[in-house]
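What follows is a set of notes on a single structure, which appears directly below.
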Protein chains: 2
Amino acid sequence: MADRLAGLIEDLRSRGARVTSARRHILSELVGAEGHLTADELAARVQRAQPDLHLSTVYRCLDALERLGLVDHVHLGHGRAVYHLTDDPHQHLVCEECGVVIEVPDSTFAALSHDLASSYGFSIRPNHFAVLGRCAACGPTS
Amino acid sequence: MADRLAGLIEDLRSRGARVTSARRHILSELVGAEGHLTADELAARVQRAQPDLHLSTVYRCLDALERLGLVDHVHLGHGRAVYHLTDDPHQHLVCEECGVVIEVPDSTFAALSHDLASSYGFSIRPNHFAVLGRCAACGPTS
DNA sequence: CTGCTTGCAAATAGTTTGCACGTTC
DNA sequence: GAACGTGCAAACTATTTGCAAGCAG
């Protein structure tokens, strides 16, 4: 876990981006949470250690990290986006009833991805879409 | 086409909802456009015939129509939602580069839907998610 | 006529931006 | 010390809501 963070920091540095306190904390929280954090949540968590970190800084950091390819975001339907690290590729199932987010391996979408490529020439962007529906606990759509 | 509109109006009436000028126009535009309209676009089109129709009314109408099951909306990633009629079920592929929306039949997702149901007990909500990626014209993710 | 609908203005949520100051390399 | 990053306030976009007036049933 500490190794993973160290690797990410190293990535940052090696691509010529500056390693700041805000970025270090944000990456650290993302590693700790294993993804799925909104900008809000991320700000709240980092602020426990660094109270004057502003929400807009979180957005700018995430934007920079995304541009560098370390982070990606997914829109979960009703506005708010969640951010996660790009290593450990996965897709998201979101329950519209209870809001739970289930991670599923990329391989689940391999067949679909292939079909869409051959039928429509369309390339799915990995890690960047959420599938909406209802989870097992909430039962099928009534 | 006129028949389709008449059927929708009838649906409205039979479920006890009031048939207003705003609702009639909105349904008419949705039929004419074959879906994929944002609230903005919808307002602009209806305003050609009924200039004082307010955007908030469009949202309220769409909300009512959605509650009645005639209309559904999809979030295309960066905020704005598009609305479409619920008959003629289909899914949406959205190109992140050029924004084009490609409709594909529900059947394309049948296998995925089945897999997710059996592996995770998760029921995909039909017609309510968009798949992001890149269209044939824009080429695969660089 | 009674309540569902609408127009309008103002509020909200999520995110972005301008600018002056602080920090990293 | 030059360029990049951050804090803060204000702008912006998409959508929702309160309220008084309007129209459908």
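Both backbone and side-chain heavy atoms feed into the values below; hydrogens, waters and symmetry mates do not. Lettering follows sequence order; numbering is per chain, from 1.
- Whole-Å rounding puts the A:Gln50 CD to D:dG5 C1' distance at 12 Å.
- In terms of modelled atom types and a separation under 3.5 Å, the side chain of A:Glu41 and the main chain of A:Thr38 share a donor-acceptor contact.
- Taking atom CG of A:Leu53 as the reference point, atom P of C:dG22 lies 17 Å away to the nearest angstrom.
- Look at CG on B:Leu68: it is 14 Å from P on C:dC4, rounded to the nearest Å.
- Atom C1' of nucleotide C:dT6 and atom CG of B:Asp52 are separated by 9 Å, given to the nearest angstrom.
- For B:Asp63, the side chain to side chain donor-acceptor pair (under 3.5 Å) partners at least two apart in sequence or on another chain are B:Arg67.
- Annotation: side chain of B:Tyr120 is in contact with side chain of A:Ile102 (closest heavy-atom distance under 4.5 Å).
- Residue contacts shown for A:Thr38 are absent, as no nucleic acid heavy atom lies under 4.0 Å away.
- Nearer the 5' end of DNA chain C, as judged by each residue's closest nucleotide, is the contact made by B:Cys61, out of A:His54 and B:Cys61.
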List every contact pair, protein side and nucleotides 19-25 of chain D side both N or O, where the distance is under 3.5 Å.
residue : atom : partner : partner atom : Å
D:dA24  : N3   : B:Arg18 : NH1          : 3.3

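- As judged by a 4.0 angstrom heavy-atom cut-off over every strand, A:Ala81 is placed among residues touching the sugar-phosphate backbone only.
- Rounded to an integer number of Å, the gap from A:Asp63 CG to D:dT6 P is 12 Å.
- For the pair A:Gln91/A:Glu103, no side-chain contact is recorded, criterion being any heavy-atom separation below 4.5 Å from C-beta on.
- Look at CG on A:Leu55: it is 10 Å from P on C:dT16, rounded to the nearest Å.
- In this structure A:Ser56 satisfies the side chain to side chain donor-acceptor pair (under 3.5 Å) test together with A:His54, sequence neighbours excluded.
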What do the steps show when you test B:His84 against B:His73 for ring-ring contact (aromatic ring centres under 6.0 Å, His included), and what is the final call? CA-CA 6 Å; B:His84 59 84; B:His73 74 275; 8.9 Å; no
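- Residue contacts for A:Ala64: at a heavy-atom cut-off of 4.0 Å it reaches no nucleic acid atom on any strand shown.
- Note: NE2 (B:His73) to C1' (D:dT16) measures 13 Å, nearest angstrom.
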